[in-house]
Amino acid sequence: MWIHNWIESTVTSLIDYFESAGRAELNVEFCAAIPVLTITGSFGVPVERALDIRAALFRPQEMVSLIAPIVAARRERPEDDLISVLVEAETTDEEGRTHRLSDAEIYSFSALLLAAGSGTTWKQMGITLAALLQRPEVLDAVRADRSLLRPAIEESLRWVPTDPMFSRWVTEDIDYQGVHLPKGAVLHVCLGAANRDPDRWDRPDEYDIHRPLKPTLAFGGGPHICLGQHVARAEMTIAISALLDRLPNLRLDPDAEPPRYVGFYERGATAIPVLFG
């Protein structure tokens with residue numbers, strides 16, 4: 001139900017907006033909008049207020065002022081949205097006592113969802129689309145056989161994950177692999193390199209949707225696994241499939257600059273100008 005209510009309806013509306021134009025810029029006009037509208041839609045926020053909430057993400061007081069009336073209304077009368085689920089959720093503390101989430105806990109969780117889910121899904125969807133559009137024969141294969149869409153997405157996660165780098169403070173002097181790391185230094189960890197380990201993947205620098213599926217570090221692992229990975233995969237699958245269904249002869253605009261992949265943190269594609277019809 002959440003897929004239909006919050007993802008499919010968003011994707012449909014966005015394509016409706018540019019379908020008749022015969023051209024679009026898919027990175028900002030499409031990929032960037034889907035996760036924001038999906039998450040705010042799950043809050044029960046009208047589309048016209050979605051960008052206001054996203055813009056207020058790093059201004060806590062403004063963020064609370066926008067979310068608080070929704071939380072108050074759902075406490076009075078729950079509806080079919082995520083805020084209602086949070087309002088009615090119960091947790092058990094260490095002493096076995098059950099209580100419901102406070103307003104502050106709901107505000108904090110809402111901000112977490114917006115911060116964690118909007119930018120990364122946007123960038124990974126753009127990476128996947130650009131990779132397919134730059135390989136028309138692969139795009140045609142996916143269009144003809146939608147079972148190939150899943151491996152196409154998983155391969156983009158391996159090949160160019162949107163979060164290839166993480167930084168951590170060094171909390172004490174250590175020597176690691178022959179290198180001295182002083183306390184207080186910043187260590188940049190490139191998980192993306194593991195996804196191209198030649199001992200694990202043949203031709204690791206190639207984008208190949210037919211390679212055997214293996215787990216990667218694109219969504220982390222263990223206790224650090226991304227909790228939103230299933231939503232991200234669903235958004236990418238529904239969005240790309242809808243583009244292939246509704247935009248015949250979808251292709252990169254030959255007169256525009258082709259997309260490039262930029263950034264070490266939240267890596268993504270530049271503009272993705274396309275023609276169709």
Side-chain angles (χ1 to χ4, degrees), residues 26-28 31-32 34-35 57-58 112-135 138 149-237 240 257-272:
L26 294 182
N27 197 32
V28 173
C31 298
I34 290 170
L57 180 58
F58 300 106
L112 172 65
L113 286 175
L114 276 168
S118 54
T120 50
T121 304
W122 157 25
K123 300 295 180 62
Q124 196 66 55
M125 191 183 304
I127 289 167
T128 306
L129 269 174
L132 291 172
L133 286 161
Q134 289 173 331
R135 297 163 178 79
V138 179
L149 183 52
R150 182 195 170 205
I153 291 171
E154 296 303 316
E155 175 68 350
S156 83
L157 287 162
R158 180 203 69 82
W159 183 61
V160 181
T162 189
D163 280 328
M165 297 281 290
F166 289 85
S167 58
R168 293 293 184 266
W169 291 105
V170 178
T171 59
E172 60 183 54
D173 289 345
I174 61 170
D175 292 304
Y176 181 72
Q177 299 290 315
V179 177
H180 179 68
L181 304 176
K183 178 179 179 180
V186 177
L187 180 63
H188 297 271
V189 183
C190 184
L191 296 183
N195 287 345
R196 294 198 181 193
D197 185 344
D199 290 335
R200 184 169 176 79
W201 286 280
D202 294 332
R203 300 167 288 102
D205 294 335
E206 294 183 20
Y207 178 79
D208 179 4
I209 69 171
H210 298 290
R211 71 172 70 248
L213 289 175
K214 296 179 183 178
T216 73
L217 293 177
F219 285 115
H224 301 286
I225 198 75
C226 172
L227 296 179
Q229 61 177 304
H230 303 300
V231 176
R233 285 187 172 100
E235 289 178 353
M236 288 189 281
T237 300
I240 295 172
E257 182 179 348
R260 296 174 292 107
Y261 306 103
V262 297
F264 284 110
Y265 290 88
E266 288 205 13
R267 188 170 180 79
T270 56
I272 307 175

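Along the sequence shown, the residues carry numbers beginning at 1.
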When rounded to the nearest 0.5 angstrom, what is the spacing between CG in Asp205 and CZ in Arg196? 5.0 Å
For the side chain to side chain contact (heavy atoms under 4.5 Å, CB included) test, which of Thr171, Ile174, Asp173 pairs with Lys183? Asp173
Which distance, rounded to the nearest 0.5 Å, do you find between the SG of Cys31 and the CE of Met236? 10.0 Å
Smallest heavy-atom separation, Leu132 atom then Ala152 atom, equals CD2-CB, 4.2 Å
Can you tell me how far apart OG1 (Thr237) and CE (Met125) are? Round to the nearest 0.5 Å. 9.0 Å
Would you mind listing every ring pair (Phe, Tyr, Trp, His ring centres under 6.0 Å) that reaches into residues 150-180, with sequence neighbours excluded? Trp159-Tyr207, Trp159-Tyr261
Would you compute the distance between atom CD1 of Ile34 and atom OG1 of Thr121 and round it to the nearest 0.5 angstrom? 10.0 Å
Of all heavy-atom pairs linking Ser156 and Thr128, the shortest is OG-OG1, 2.6 Å
Where is the tightest heavy-atom contact between Ile209 and Pro151, given as atom of each residue plus distance? O-CB, 3.3 Å
Would you say Asp202 has more than 12 foreign heavy atoms packed within less than 6.0 Å of its CG? no
Main chain of Pro259, side chain of Gln134: is a donor-acceptor contact present, judged purely on distance under 3.5 Å? yes
Rounded to the nearest 0.5 Å, how far does CG of Asp197 lie from NZ of Lys214? 9.5 Å
Closer than 3.5 angstrom, by distance alone: can the side chain of Arg211 be matched with the main-chain N or O of Glu155 as a donor-acceptor pair? no
Carefully, step by step, assess Leu213 and Arg150 under the rule side-chain contact (heavy atoms from CB on, under 4.5 Å). CA-CA 10 Å; Leu213 289 175; Arg150 182 195 170 205; 3.8 Å; yes
With a 3.5 Å distance limit and no angle check, can you tell me whether Gln124 reaches the backbone of Ile153 through a side-chain donor-acceptor pair? no
Nearest heavy-atom approach of Pro258 to Thr270 is O-OG1, 4.2 Å
Do side-chain atoms of Asn195 reach the backbone of Leu217 as a donor and acceptor pair under 3.5 angstrom? yes
Test side chain to side chain contact (heavy atoms under 4.5 Å, CB included) applied to Ser167 - qualifying residues, sequence neighbours left out: Val186, His188, Tyr265
For Gly192 and Pro161, which heavy atoms make the closest approach, and how far apart are they? CA-CG, 4.3 Å
Considering only heavy atoms from C-beta outward, does the side chain of Asp163 approach that of Glu266 to under 4.5 Å? yes
Verify, without hydrogens or angle tests, whether Arg158 (side chain) and Glu154 (backbone) share a donor-acceptor contact under 3.5 angstrom. no
From CG (Leu191) to CZ (Phe219), nearest 0.5 Å: 13.5 Å
Exercise: identify the closest heavy-atom pair between Trp201 and Pro215: CZ2-O, 3.8 Å
side-chain contact (heavy atoms from CB on, under 4.5 Å) assessment of Asn27 paired with Trp122: CA-CA 8 Å; Asn27 197 32; Trp122 157 25; 3.2 Å; yes
